[in-house]
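Worksheet: the structure to be examined is printed underneath.
Counting begins at 1 with the first residue of the sequence. Each ligand, and each atom within it, is numbered from 1 in the order the structure gives. Just the heavy atoms: all of them, side chains too, but no hydrogens, waters or symmetry mates, feed the values below.
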Amino acid sequence: MCGIVGYVGHRPALDVVLGGLRRMEYRGYDSAGVAVLDGAGALTVERKAGRLANLEAELDKVGRESITGTAGMGHTRWATHGAPIDRNSHPHRDASQRVAVVHNGIIENFASLRAELEADGVEMASDTDSETAAHLVARAYTDGDTKGDLAASVAAVCRRLEGAFTLVVTHADQPDTIVAARRSSPLVVGVGEGEHFVASDVAAFIEHTREAVELGQDQLVVITREGYEVTDFHGDAAQAKPFTVDWDLSAAEKGGHEYFMLKEIEEQPEALANTLRGHFESGRIILDEQRISDQDLRDVDKVFVVACGSAYHSGLVAKYAIEHWTRLPVEVELASEFRYRDPVLDRDTLVVAVSQSGETADTLEAVRHAREQKARVLAVCNTNGAQIPRESDAVLYTHAGPEIGVASTKAFLAQIAANYLVGLALAQARGTKYPDEVAREFAELEAMPAAVQKVLSTVDQVRDLGRRIADSKAVLFLGRHVGFPVALEGALKLKELAYMHAEGFAAGELKHGPIALIEDGLPVVVVMPSPKGRAVLHSKLVSNISEIQARGARTIVIAEEGDETVRPFADELIEVPAVPTLLQPLVSTVPLQVLAAEIARTRGYDVDKPRNLAKSVTVE
Ligand code: AGP
């Protein structure tokens with residue numbers, strides 16, 4: 001989720017652009033860069049890995065007073081393709097150094113475009129997908145049917161790109177013009193007096209103007225000092241949506257929400273879609289920097305998943321799918337326990353290390369232990385170039401974007417999806433799933449962003465419930481099968497956000513002790529399976545609910561919409577869309593995230609920064 005800002009107006013572009021990048025630092029990034037058009041046909045680009053301060057130091061070194069001009073753009077990069085180093089930082093330029101491009105998103109067909117360009121003699125200067133756009137625009141502008149027309153050249157390139165992108169393009173020949181375009185990635189225009197902006201979010205320009213225009217899917221905009229013009233990718237005029245920003249800067253950073261976590265809960269459909277994007281081509285699952293051959297995958301005779309906290313719960317969820325798809329034994333281990341129990345590992349063991357930050361010390365030490373034992377390690381990570389992927393044999397990146405809230409939400413759902421991709425890749429390599437079965441499972445995964453979006457449209461009921469039970473002294477969570485790790489995750493959310501005693505159980509364990517905890521009015525959340533899926537689990541769980549209701553529990557039931565069997569046993573019924581059994585955690589977790597956040601808000605706690613917790617636990 002990179003930060004982008006473009007400006008054409010009457011002020012020094014460098015100052016405006018750097019100011020915009022500073023206001024988007026909250027998005028998290030690992031490199032930054034700027035491009036400024038000086039009006040005399042020169043295009044200056046400076047970029048640097050690391051924090052904005054590194055870029056500013058670079059600008060001081062070259063003499064920022066020499067970088068004049070009233071048109072320019074900037075970028076803070078959250079690395080997806082290519083490590084976070086200088087040459088992979090944006091803006092990217094073509095060989096002539098007269099076209100500069102910044103990009104947010106994932107160009108899925110960049111490999112074929114890159115091959116085409118290299119076959120034409122283009123020498124790529126980075127490992128990124130974004131650089132291909134710079135060369136393609138330059139080629140279209142220089143010798144295509146769109147020669148000399150920057151907007152038409154950008155539009156022609158956009159028609160060839162697959163995937164998600166926000167592109168902002170400048171050309172040294174056109175010092176008073178910036179062209180931007182979007183597909184499945186945010187882009188807004190800021191409308192000022194004698195100045196205009198483009199940005200990935202309004203935080204970049206609301207100190208200058210609160211009049212904005214939101215571009216729609218497959219739209220392109222040309223901004224100049226005097227105005228802006230919106231078209232589709234064929235050059236036909238298009239309607240975009242004007243709005244006035246009534247948020248303050250702090251709210252703007254949170255997309256209008258009170259907390260980042262609330263925004264990140266809303267970003268889960270996009271996080272899922274971005275994580276899945278590009279991983280199924282020509283009928284096959286493809287992982288990122290796989291570096292583990294299909295033969296190696298076929299040799300695997302055991303899988304471990306090692307992780308902590310929510311990442312550990314994502315492994316517990318994935319265990320059901322991976323074992324079902326591959327018939328391989330899967331052990332899910334707390335990373336902090338893993339290496340001290342002397343696990344049985346060898347070169348035919350696959351260890352999947354799941355970590356949002358990629359810096360968690362317990363998980364990193366587990367990776368090191370696994371590699372010492374000659375096991376193959378595949379990292380599932382949300383942070384490009386972090387220590388855990390660097391020390392693993394292979395990596396599959398989740399693309400949830402930076403997760404600012406300490407309590408994991410969108411990263412957790414993205415981890416489940418990524419773990420499932422690993423399972424499908426194993427099943428595909430081992431032949432335990434036919435290609436059409438793999439395709440069907442992937443298609444069902446691709447339908448999940450829409451299912452999660454549907455859940456998000458109904459969570460007001462959950463917020464209301466959160467306010468009503470906020471003064472409870474404890475909440476229990478029950479589930480069976482894949483609902484059991486969801487119960488654990490729901491309990492963890494409530495513990496870490498509302499500092500409330502909460503515990504998740506396998507519902508079958510109730511009668512082995514925990515049912516003694518049930519007392520009058522105690523809220524108990526039950527995560528129901530579909531009545532159409534594993535019917536036996538559904539009926540057993542209905543029995544469990546009646547047992548606890550008979551003892552006074554206040555039953556809060558997460559159930560598939562239309563599940564009338566469970567309705568009589570639910571004091572509160574929260575309905576989620578019907579999805580395949582193995583995918584239910586992706587929809588049933590969301591109400592539990594919202595519930596915990598609302599209880600914390602009601603209790604007056606900081607939802608983003610819970611007490612005693614850090615976003616990344618880099619000590620054992
Ligand atoms: C989740 O809400 C917690 N913040 C925590 O359990 C987290 O999942 C755990 O620390 C693992 O972090 P990682 O994914 O960055 O390794």
Side-chain angles (χ1 to χ4, degrees), residues 28 30 78 259-262 264-265 267-268 271 275 305-318 332-338 351-368 370 377-392 395-419 477 485-500 502 504 585 589-590 592-597 599-600 605-620:
D30 42 48
W78 176 266
Y259 292 104
F260 282 110
M261 181 189 165
L262 306 182
E264 287 154 8
I265 287 173
E267 288 175 339
Q268 294 186 108
T275 296
V305 180
V306 295
C308 304
S310 292
Y312 168 71
H313 296 153
S314 81
L316 290 175
V317 169
V332 186
E333 297 260 351
L334 288 170
S336 54
E337 290 293 316
F338 178 68
V351 173
V352 180
V354 185
S355 176
Q356 188 284 129
S357 62
E359 300 296 344
T360 299
D362 289 323
T363 310
L364 179 58
E365 290 307 325
V367 164
R368 288 170 176 164
V377 179
L378 186 153
V380 170
C381 186
N382 196 47
T383 308
N384 196 299
Q387 194 66 23
I388 288 171
R390 279 210 302 271
E391 295 199 22
S392 298
V395 58
L396 174 60
Y397 283 111
T398 52
H399 293 291
E403 189 174 66
I404 313 293
V406 166
S408 188
T409 51
K410 61 178 183 173
F412 173 66
L413 259 55
Q415 285 164 352
I416 292 175
N419 294 343
F477 294 75
V486 173
L488 296 176
E489 176 62 12
L492 175 63
K493 288 282 132 346
L494 197 50
K495 277 183 264 207
E496 60 180 335
L497 290 167
Y499 320 147
M500 185 190 283
T589 302
V590 176
L592 306 189
Q593 296 166 342
V594 173
L595 182 69
I599 291 174
Y605 299 148
D606 184 334
V607 171
D608 282 338
K609 301 186 184 72
R611 69 184 181 196
N612 309 337
L613 293 177
K615 183 60 186 170
S616 175
V617 183
T618 54
V619 291
E620 280 196 276

May I have a table of the N/O to N/O pairs between ligand 1 and the protein that fall below 3.5 Å, each row giving the two atom names and the distance to 0.1 Å?
from: ligand 1; atom 1: 2 (O); to: Ser310; atom 2: OG; distance (Å): 3.3
from: ligand 1; atom 1: 2 (O); to: Ser408; atom 2: N; distance (Å): 2.8
from: ligand 1; atom 1: 2 (O); to: Lys493; atom 2: NZ; distance (Å): 2.9
from: ligand 1; atom 1: 2 (O); to: Glu496; atom 2: OE1; distance (Å): 3.3
from: ligand 1; atom 1: 2 (O); to: Glu496; atom 2: OE2; distance (Å): 2.4
from: ligand 1; atom 1: 4 (N); to: Val406; atom 2: O; distance (Å): 2.8
from: ligand 1; atom 1: 4 (N); to: Glu496; atom 2: OE1; distance (Å): 3.4
from: ligand 1; atom 1: 6 (O); to: Ser310; atom 2: N; distance (Å): 3.3
from: ligand 1; atom 1: 8 (O); to: Ser310; atom 2: N; distance (Å): 3.1
from: ligand 1; atom 1: 14 (O); to: Gln356; atom 2: N; distance (Å): 2.7
from: ligand 1; atom 1: 15 (O); to: Gln356; atom 2: N; distance (Å): 3.4
from: ligand 1; atom 1: 15 (O); to: Ser357; atom 2: N; distance (Å): 2.8
from: ligand 1; atom 1: 15 (O); to: Ser357; atom 2: OG; distance (Å): 2.7
from: ligand 1; atom 1: 15 (O); to: Thr360; atom 2: OG1; distance (Å): 3.4
from: ligand 1; atom 1: 16 (O); to: Ser355; atom 2: OG; distance (Å): 2.7
from: ligand 1; atom 1: 16 (O); to: Thr360; atom 2: OG1; distance (Å): 2.5

Got a donor-acceptor contact below 3.5 angstrom from the Glu403 side chain to the Glu264 backbone?
no

Counting N and O atoms only, with roles assigned by atom type, does the side chain of Asn382 sit under 3.5 Å from a partner on the main chain of Ala400, one being a donor and the other an acceptor?
yes

For Val406 versus Lys615, what's the shortest heavy-atom pair and its separation?
O-NZ, 3.3 Å

Tell me the closest heavy-atom pair linking Arg611 and Tyr499, and the distance in Å.
N-OH, 2.9 Å

Just verifying a value: how many Å separate Ser314 OG and Glu489 CD, rounded to the nearest 0.5 Å?
8.5 Å

Is the shortest heavy-atom distance from the side chain of Leu497 to the side chain of Val607 under 4.5 Å?
yes

